Amino acid sequence: MEQRLGNPQNTIAVIQKYDFVFQKKFGQNFLIDTHVLNKIILAAGITKEDLVLEIGPGIGTMTQYLAEAARQVVAVEIDGNLIPILRETLQEYKNITLIHDDILKVDICRLAEQYNEGRPIKVVANLPYYITTPIIMGLFEKQVPVDNITVMVQKEVADRMQVGPGSKDYGALSLAVQYYAKPYLVANVPPNCFLPRPKVGSAVIRLTRYPSPPVQVKDPALMFRLIRACFNQRRKTLQNGLFNSPDLTFSREQIALAIHTLGVSATVRGEVLTLEQFARLADIFSEESLSDD
Ligand code: SAM
């Protein structure tokens, strides 16, 4: 089979040939729109120098586009039923390595080392929506050398990644993404660009990793514990959110003192704090040796 995938007819032909049955549990919605595919490749800024990691290649539609733009593509697919299909749809491409595995179990730092001598890689994916957050957070927190991550996600998740205080979508994901990367909305993508159609709208977002974070904080892990404590109970005041968190053991007095030093009202909710303020709050706890151990 020598055909460029990306349009509905070719995708349907491949699916019928293999009697492929879509698995909901793997978030399988295949892209069938060439404009969207071209936009993703362009937004990722892929060159012939690049090693691209594709998460969830499906039947290999985007993989073909990636292979044409990049030096090398490593594609990780969990569904064993797709592997023989991928072997056929990608047989013309000599620069693709196909790995049958769960991306959450793959050591991506090692992949970058093995296929790109540890230099920053690009990650491109039409993500399985059920594991968007663990995939993206894993890439950042495990310090995978990445240049940018260009991914299709649920529209609502793309919104959450970009907003600041004052929005109902603002939360731990917004702060984590914005600590590590600069988000840019590439395109909104309607359900009719996929087979089968998802129930929700989608969006392509590019996250360009900062060489160093936009705020300085002595103990980033403590900052993220403070953030989680606030957003796990977002209707509570900052003071109560921090005090009630099972992750933190500061006394009421220590918390009151830190909030006072930060210069915000004792009754403020955590959800109004900016990334800079969370960083400052974490530093206050560290500086005052308010160890919670
Ligand atoms: N890239 C294809 C496309 O755009 O047409 C398919 C995208 S589909 C939304 C998500 C893909 O991720 C599916 O092929 C699915 O089987 C795969 N997948 C789901 N969970 C995965 C996991 N944990 N590790 C690797 N691949 C996974």
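The first residue in the sequence is number 1, and the count goes up from there. Here the structure is a predicted model, which means the values were calculated and not measured. One-based numbering, in listed order, for ligands and for the atoms of each.
No option in Tyr180, Tyr210, Phe224 other than Tyr180 meets the ring-ring contact (aromatic ring centres under 6.0 Å, His included) test with Phe140.
Protein residues lining ligand 1, listed by chain and number: Phe26, Gly27, Gln28, Asn29, Phe30, Leu31, Glu54, Gly56, Pro57, Gly58, Val76, Glu77, Ile78, Asp79, Leu82, Asp101, Asp102, Ile103, Asn126, Leu127, Pro128, Tyr130, Ile131 [non-hydrogen atoms, distance under 4.0 Å].
Partners of Lys24 under the side chain to side chain contact (heavy atoms under 4.5 Å, CB included) rule, at least two apart in sequence or in another chain, are Lys199. In this view, Asn116 and Arg71 satisfy the side-chain hydrogen bond (donor to acceptor under 3.5 Å, both in side chains) rule, not counting sequence neighbours. Listed by chain and residue number, nothing satisfies the side-chain hydrogen bond (donor to acceptor under 3.5 Å, both in side chains) test with Tyr179 (two or more places apart in sequence, or in another chain).
Smallest separation of non-hydrogen atoms from Lys236 and Arg269: O-CG, 3.5 Å. Looking at every heavy atom in both residues, Ile121 comes nearest to Leu53 through CD1-CB, 4.1 Å.
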